[in-house]
Amino acid sequence: MTQTTQTKRPFDVLSRNIGKSVSVRLKGAQVFKGTFLGYDPHWNISLAEAEQCRNHRRVTLGKLILRGNNVLYVSELDHD
Amino acid sequence: MTQTTQTKRPFDVLSRNIGKSVSVRLKGAQVFKGTFLGYDPHWNISLAEAEQCRNHRRVTLGKLILRGNNVLYVSELDHD
Amino acid sequence: MTQTTQTKRPFDVLSRNIGKSVSVRLKGAQVFKGTFLGYDPHWNISLAEAEQCRNHRRVTLGKLILRGNNVLYVSELDHD
Amino acid sequence: MTQTTQTKRPFDVLSRNIGKSVSVRLKGAQVFKGTFLGYDPHWNISLAEAEQCRNHRRVTLGKLILRGNNVLYVSELDHD
Amino acid sequence: MTQTTQTKRPFDVLSRNIGKSVSVRLKGAQVFKGTFLGYDPHWNISLAEAEQCRNHRRVTLGKLILRGNNVLYVSELDHD
Amino acid sequence: MTQTTQTKRPFDVLSRNIGKSVSVRLKGAQVFKGTFLGYDPHWNISLAEAEQCRNHRRVTLGKLILRGNNVLYVSELDHD
Amino acid sequence: MTQTTQTKRPFDVLSRNIGKSVSVRLKGAQVFKGTFLGYDPHWNISLAEAEQCRNHRRVTLGKLILRGNNVLYVSELDHD
């Protein structure tokens with residue numbers, strides 16, 4: 001693969017969010033927010049103080065371990 | 001992968017729940033609760049005293065072995 | 001993986017059911033009951049005296065070999 | 001894996017049906033009957049004198065090679 | 001795997017159809033007919049003089065390369 | 001695999017179309033036409049001067065990189 | 001694989017877009033636009049200044065990491 005020096009690979013971008021607030025969207029359109037604890041190469045994701053956001057309601061879930069197979073994307077909650 | 005020391009990888013968080021009450025949600029929206037007996041790297045999960053929660057009814061299933069492929073997430077039942 | 005000594009991994013729990021009556025539920029909600037003959041790491045499952053349970057009717061299928069990919073869970077039929 | 005001596009693993013049960021009449025059900029609910037010629041570890045299946053059973057009609061297909069990925073189960077046609 | 005000498009494994013049956021007319025059915029129920037040019041272990045299939053059969057109409061496609069992942073089965077067109 | 005000398009394996013047929021006009025159909029029924037730039041063993045496909053054909057309209061997309069997982073088939077646009 | 005010298009393999013075409021504006025379409029028809037930061041062999045994609053385009057509205061997402069499994073295609077935004 002011939003990527004230039006300006007490349008920022010997906011998992012490098014992901015790892016910079018550890019300890020920060022992120023939003024994780026699943027294939028089935030569910031959205032989870034929480035403090036990003038960690039991930040692995042399969043996109044399995046652990047969140048602390050996780051909340052699921054549904055129809056303007058928030059369900060508190062505590063520590064949450066999401067199976068990577070279902071993830072659509074991760075985005076920053078505190079972006080500029 | 002360049003994760004910092006504060007990282008708590010998904011399976012590390014998962015393994016701390018062994019022997020505790022957990023909630024396992026599947027892709028098809030089914031929810032199972034029970035005592036978390038163990039797991040493997042494919043997310044296969046064994047529960048004791050398992051119950052399936054459907055429409056406010058609970059179906060008792062005893063020992064249950066869930067195939068990992070269907071799991072959406074595992075969350076703590078006794079979170080703060 | 002740092003599982004404690006109290007861990008009972010999914011396939012260990014599964015193997016203890018060999019020769020016993022089990023219920024196998026597939027992703028498509030079909031339920032099969034029978035004597036558990038064996039399995040392999042892909043969750044392929046062989047049953048003797050298998051029956052499919054549909055709308056309170058039972059269809060007798062004899063020896064049955066289920067492809068693991070479709071399995072949702074296996075539960076004990078004679079749980080306490 | 002700690003299976004006892006009474007274990008009959010899925011592919012052992014499957015291989016005993018070679019040369020016999022079997023019923024193969026696919027995920028999409030299609031049912032094929034025929035003489036079981038062989039299989040491979042991916043559940044690819046070859047049948048001779050295959051027929052597809054649809055709405056009480058039978059469509060003759062001759063030699064048929066089914067892709068394993070779609071198989072739900074194989075059952076004996078001449079079970080007791 | 002303990003298959004007897006009468007076994008005819010799926011890809012052996014498939015390879016005997018090269019150069020002959022075959023029917024390829026996909027998961028999405030599409031049917032393609034043509035001269036069977038070749039295949040690979042992933043069920044990728046090449047056909048010459050391919051036609052797609054839809055609602056009693058035939059669409060001519062010339063040389064066609066089908067991705068194996070979508071294949072349901074291959075059957076002989078000139079079976080007895 | 002015992003293929004005869006007349007075999008033309010899928011990727012051999014595919015590679016002969018490089019630099020030519022092809023039609024790529026995806027699982028979701030979308031059709032893309034363009035000059036075939038290249039492919040890899042996962043069926044990832046690059047097209048130049050790509051157009052998507054929808055309801056008799058054509059949307060110009062320029063250079064396009066299609067993920068192989070979604071491909072149904074590739075056919076020649078200039079077949080006889 | 002016997003590709004000619006004129007071949008431009010998919011990931012070569014993809015890597016030339018790093019630092020440029022791209023459009024990423026997912027299987028579920030969602031479209032994301034942004035500056036292409038990087039990718040990996042699984043089609044995981046990182047975008048800066050990402051926007052999701054829905055019904056003529058644009059939702060700002062900041063830095064975004066898309067899981068490759070869901071990608072349909074990547075196209076150039078500034079094509080000729």
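Being a predicted model, the structure only gives us computed values, none of them experimental. To find a chain, count down the sequence lines: A is the first, B the second, and so on, and within it residues start at 1.
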- Message: Please give me the minimum heavy-atom distance between C:P10 and B:S46, naming the atom from each residue.
- Response: N-OG, 3.6 Å
- Query: Backbone N or O of C:N70 within a donor-acceptor pair of the B:N69 side chain at under 3.5 Å?
  - Reply: no
- Query: So among B:L47, B:N44, B:I45, B:I65, which one has a side chain to side chain contact (heavy atoms under 4.5 Å, CB included) with C:V13?
  - Reply: B:I65
- Note on the structure: Okay, B:E49 and chain C: the region with an atom under 4.5 Å from a heavy atom over there is neither
- Message: Quick check on B:L64 against chain C: is it the side chain, the backbone, both or neither that has a heavy atom closer than 4.5 Å?
- Response: both
- Task: Please determine, among C:A29, C:S23, C:G68, the option with the most heavy-atom pairs under 4.5 Å with chain B.
- Result: C:G68
Taking atom [atom1] of [X] and atom [atom2] of [Y], what is their separation to the nearest 0.5 Å?
{"X": "C:Y73", "Y": "B:Q52", "atom1": "OH", "atom2": "CD", "result": "5.0 Å"}
{"X": "C:K27", "Y": "B:L26", "atom1": "NZ", "atom2": "CG", "result": "10.5 Å"}
{"X": "C:E76", "Y": "B:L61", "atom1": "CD", "atom2": "CG", "result": "10.0 Å"}

- Applying a strict 4.5 Å limit to non-hydrogen atoms, the region of C:N17 in contact with chain B is side chain
- Message: Walk me through whether B:R67 and C:L72 qualify under side-chain contact (heavy atoms from CB on, under 4.5 Å).
- Response: CA-CA 6 Å; B:R67 191 163 170 265; C:L72 199 69; over 6 Å; no
